[in-house]
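Quick caveat, the model's predicted, so the values are computed rather than measured.
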Amino acid sequence: GVHPGVDRGWRTRGSVEAGGVPLGVLAAWNAGRLLDRLVMIGAVCAFSVPVFLIGYSLVYGFSIKLGWLPVQGYKPLADGLAPYLRHLVLPCLSLGLVYMALLTRMTRATMLEALSEDYIRTARAKGLAAGPIVWHALKNAANPIVTTIGVGVALLIGGVVVTETVFAIPGLGRLTIDAVLRHDYPVIQGVLLVASGIYVLINLLVDLSYRLFDPRIRY
């Protein structure tokens, strides 16, 4: 039993997730202000709501009420770029918002710690512009953020099961559900093996990337 489609939207979902980095930086730079509170309220709400409820809410708002995007289904890239993207927007948002909220909270916490360092206070006292200050602080706080990104991208593989079921997308998630319902054990084992391999590979790349941000790390 091979499913007629595969999941091609995980890169877009990862991009949605990575949007938590600039939000976390903005929240940390404006700590205690209105923008910080709004970002944190949104992050808490997005992280607390189940993925399927986010999906149904997006469908109700953008598909049923506004009619901007399709409710369900999938269009291959061969049918055109616009239909392909229109069918992936809502699934990617519903799955990526949860991990974007987690990444936002992690980025804010690590950036607040980095911005409280003595060298940052010295740079501010000397009148250094905000851009270089944020960049240096972000670079020094990058390791926990990169770890969260790696874990989040790996967890997206498991999250597609619910998302693809809600939006009727013929990807790895639907393939797993159909295999479980048919007791197709070879397919289940194959999907788990592929998912485990991707998870290990992503974590390996994350570990190797630490040297880019901290030259003191040696392997």
Side-chain angles (χ1 to χ4, degrees), residues 1-21 46-47 49-56 58 70 72-79 81 83-85 87-106 142-213 217-219:
V2 178
H3 209 278
V6 295
D7 178 33
R8 296 182 176 88
W10 67 273
R11 294 184 181 87
T12 309
R13 294 166 187 150
S15 301
V16 173
E17 176 197 350
V21 174
F47 190 72
V49 178
V51 175
F52 71 90
L53 185 57
I54 294 177
Y56 286 131
L58 292 175
Q72 289 181 328
Y74 170 77
K75 289 290 185 181
L77 189 58
D79 292 346
L81 181 60
Y84 170 77
L85 293 178
H87 282 80
L88 284 181
V89 169
L90 293 184
C92 293
L93 281 178
S94 63
L95 183 58
L97 281 176
V98 176
Y99 303 107
M100 184 177 72
L102 174 63
L103 185 59
T104 299
R105 292 169 61 86
M106 174 60 71
N143 283 352
I145 298 173
V146 172
T147 302
T148 306
I149 292 176
V151 173
V153 171
L155 291 175
L156 290 176
I157 303 172
V160 297
V161 175
V162 176
T163 306
E164 291 178 356
T165 302
V166 171
F167 290 97
I169 298 177
L172 291 177
R174 285 290 299 278
L175 174 63
T176 305
I177 294 296
D178 293 344
V180 170
L181 294 177
R182 295 195 306 267
H183 302 285
D184 195 344
Y185 299 113
V187 174
I188 298 174
Q189 292 172 345
V191 171
L192 291 178
L193 182 62
V194 171
S196 301
I198 295 175
Y199 186 87
V200 172
L201 177 61
I202 290 176
N203 279 275
L204 176 61
L205 295 176
V206 168
D207 290 340
L208 294 176
S209 69
Y210 288 158
R211 291 193 61 184
L212 298 176
F213 307 105
I217 297 178
R218 294 289 185 268
Y219 295 107

Visitor: Could you grab the distance from atom CZ of Phe167 to atom CG of Leu88, nearest 0.5 Å is fine?
Guide: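 Between Phe167 CZ and Leu88 CG, I get 10.5 Å after rounding to 0.5 Å.
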Visitor: Taking all atoms of both residues into account, what is the closest heavy-atom pair of Ala46 and Ile54, and its distance?
Guide: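 Scanning both residues, the minimum pair turns out to be O-CD1, 3.8 Å.
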Visitor: Which distance, rounded to the nearest 0.5 Å, do you find between the CG of Leu53 and the CG of Leu58?
Guide: 9.5 Å
Visitor: Of Val180, Leu175, Leu181, which meets side-chain contact (heavy atoms from CB on, under 4.5 Å) against Ile177?
Guide: Leu181
Visitor: If we check side-chain contact (heavy atoms from CB on, under 4.5 Å) with Ile198, which of these qualifies: Val200, Val194, Leu201?
Guide: Val194
Visitor: Going from SG on Cys92 to CG on Leu97, what distance comes out if it is rounded to the nearest 0.5 angstrom?
Guide: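 Rounded to the nearest 0.5 Å, the SG-CG separation comes to 10.5 Å.
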Visitor: So which atom in Leu90 and which in Pro70 form the shortest heavy-atom distance, rounded to 0.1 Å?
Guide: CD1-O, 3.8 Å
Visitor: Atom OG1 of Thr147 and atom CG of Leu103: how far apart are they, to the nearest 0.5 Å?
Guide: 11.0 Å
